[in-house]
Amino acid sequence: MIPKTLTIKGIRQGLLITLSEGEWGPQLDALGAYLSANPAFFRGGRVALDVGARRLNGPEIRAAAELLAHHEVELWAVLSTDPTTEAAVQELGLVIDLGPSAAPPAAGPAAEDELSRSAGPLADGLVIRRTLRSGQILRHPGHIVVIGDVNPGAEVVAGGDIVVWGRVRGLVHAGALGEEGAVICALDLAPTQLRIAGHIARSPDERRSKPVPEIAMVRDERIVAEPWSAGW
Amino acid sequence: MAARALTITSGKGGVGKTTLTANLGVALAMQGQRVVVIDADVGLRNLDVMLGLENRIVYDLVDVIEGRCRLRQAMVRDKRLSELFLLPAAQTRDKSAVQPGDMVRVSDSLREQFDFILIDSPAGIEQGFRYAVAPADGVLIVTNPEVTAVRDADRVIGLIEAEEKGPARLVINRLKPNLVRQGEMLAISDVVELLSIDLLGVVPEDQAVLGAANRGQPLAFSENSSQAGRAFHNIAQRLQGQDVPFLTFQEPSFLQRIFDFARSGGMGS
């Protein structure tokens, strides 16, 4: 579903979008179309853009920032191997390097869009070993595994599946880039809200007295949750 | 030994941060510790009133930061305990007058002369909270057994973990055992399960706390007159590394009361 001209991966400070070579205008158009198609995944996030060896001026970079801002995404860094581009990026007060020292101080809710320190280079999956607390957002284009709880007020948004080895009380959104086949599994699935691709469900109001592991998926255009049985 | 700086915070307002700070300050000083309590709620100061020291304030925290006085001049010695000091907040300024670095500097210059620096944080997660936790070696999270207070506490714990200001320890304040029993209030175990941090103490609801605050004579001064006063002293002891068992808040059940009534000789006694 991701257009060929761009790649997306999760990094510690949010998302890194790499634009392939080609003219700037059409590239931005493709990015804009992709953001429009997947608002749930990007909204409220922070993005670093890797523009490769392109030579860009201030207005061109500002156009990218404005495009992202239009989709409620904050551009905080632009990576380039071209010194002219780097200078223009710094001129705009943006970061040119993803190193830990370059990470902006945590300020405002957007800055808390974070991935765990322990997360190394990411391929397809992200494993987080801690409890996600109210106000924390975890966003990753691939699959997410949380070893810990997802507390009320926390959000987990994945392009792929979400597995929680713990209690889910917050909001979880699997298949947020449009993957209808994504699933959500948890030892105790009692989220504030459950989303898979474009579907939304909430937990039944009565709490189950004894929680059982469950798996949620889309079936006949609705989200259904079923107890997980070992013989499955 | 250099002092430990502990910030008392909560996210939500009105859960008892200032009450806990005042009472812990008193309890620690009564147990022989050298204590300074810092009111970090610039613009909305209360700690001085609760300690009954309002009329002794000459300079304040912002005067120190802006160089209008020496740190020692701004410190108010408690009228009852010679080892308890208050560094009051400015009332006529707001939180923009203090930067995190200022609090770190002030705390560092107090470390040599004290055993404990207790910082009473403002409510919220903005500037005031940020500078209040900046110098902390540890954080005490105060919450009430209510869903909203616990939610805010969880948010604050997340921020503290992100800033690596831990370990955060939990104080549950204003527990009403009879309401828990009726299922109208979260139980201690529910709160601890959700927040998953160490429980440092539980303070039961006690009307005497309010009266004591209004009189400027924190309840911890009369250690054994109430369960709340006892709870504050227990927390103070745990902060010094002592292993103190938790109070149990068993209110007598209906049957137990009938039994006691019968044993006491009934109406006649």
Side-chain angles (χ1 to χ4, degrees), chain A residues 12-14 44 46 100-101 103-119 128-139 146-156 164-171 186-188 190-193 203 205-211, chain B residues 9-12 15 95-96 99-101 103-104 123-134 136 139 141-170 183 186-187 189-199:
Chain A
R12 188 160 93 72
Q13 303 94 331
R46 307 175 73 232
S101 59
E112 283 147 35
D113 198 37
E114 50 168 80
L115 298 176
S116 161
R117 271 167 247 289
S118 61
I128 294 292
R129 210 159 98 188
R130 65 183 165 94
T131 289
L132 291 171
R133 300 184 179 278
S134 180
Q136 296 178 330
I137 305 176
L138 189 62
R139 202 186 299 259
V146 178
I147 303 173
D149 296 340
V150 178
N151 280 356
E155 294 182 21
V156 178
V164 179
W165 191 261
R167 290 178 288 259
V168 175
R169 300 272 184 269
L171 188 157
L187 293 185
D188 180 5
T192 317
Q193 217 180 70
S203 296
D205 285 331
E206 70 277 14
R207 279 270 300 273
R208 205 182 271 109
S209 52
K210 194 167 182 299
Chain B
T9 190
S10 66
K12 191 173 184 296
V15 299
K95 309 225 168 14
S96 62
Q99 299 299 318
M103 287 299 284
V104 172
I125 54 174
E126 295 81 18
Q127 168 95 357
F129 163 76
R130 301 267 171 198
Y131 67 64
V133 298
V139 178
I141 304 286
V142 189
T143 191
N144 296 345
E146 296 164 18
V147 175
T148 50
V150 172
R151 185 74 58 92
D152 290 358
D154 191 47
R155 176 91 167 92
V156 165
I157 295 166
L159 294 173
I160 287 163
E161 285 174 351
E163 295 201 10
E164 296 179 333
K165 285 293 170 194
R169 297 208 273 173
L170 183 66
L186 295 175
S189 57
D190 296 335
V191 179
V192 174
E193 181 192 278
L194 185 96
L195 298 180
S196 53
I197 58 172
D198 276 354
L199 182 64

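Reminder, nothing fancy here: chain letters follow the sequence lines and each chain counts from 1.
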Nearest 0.5 angstrom please: [X] [atom1] to [Y] [atom2], how far?
X: Arg130(A); Y: Glu161(B); atom1: CZ; atom2: CD; value: 7.5 Å
X: Ser134(A); Y: Asp152(B); atom1: OG; atom2: CG; value: 7.0 Å
X: Leu195(B); Y: Asn151(A); atom1: CG; atom2: CG; value: 7.5 Å
X: Ile157(B); Y: Gln136(A); atom1: CD1; atom2: CD; value: 10.0 Å

Does any N or O in the side chain of Arg133(A) come within less than 3.5 Å of the main-chain N or O of Ala153(B), such that one atom is a donor and the other an acceptor?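 No, the answer is negative, given that no donor and acceptor are paired below the 3.5 Å cut-off.
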Does the side chain of Pro152(A) reach to within under 4.5 Å of the side chain of Leu194(B), using non-hydrogen atoms?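 In short, these two side chains touch, coming nearer than 4.5 Å.
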Any ion pair linking Arg167(A) and Glu193(B) (charged N to carboxylate O, less than 4.0 Å)? yes
I'd like to verify something: which residue of Val150(B), Asp154(B), Val156(B) has the highest number of heavy-atom pairs under 4.5 Å with chain A? Asp154(B)
Tell me, please, which residues at least two apart from Lys95(B) pass salt bridge (charged side-chain N to carboxylate O under 4.0 Å, His left out). Asp41(B)
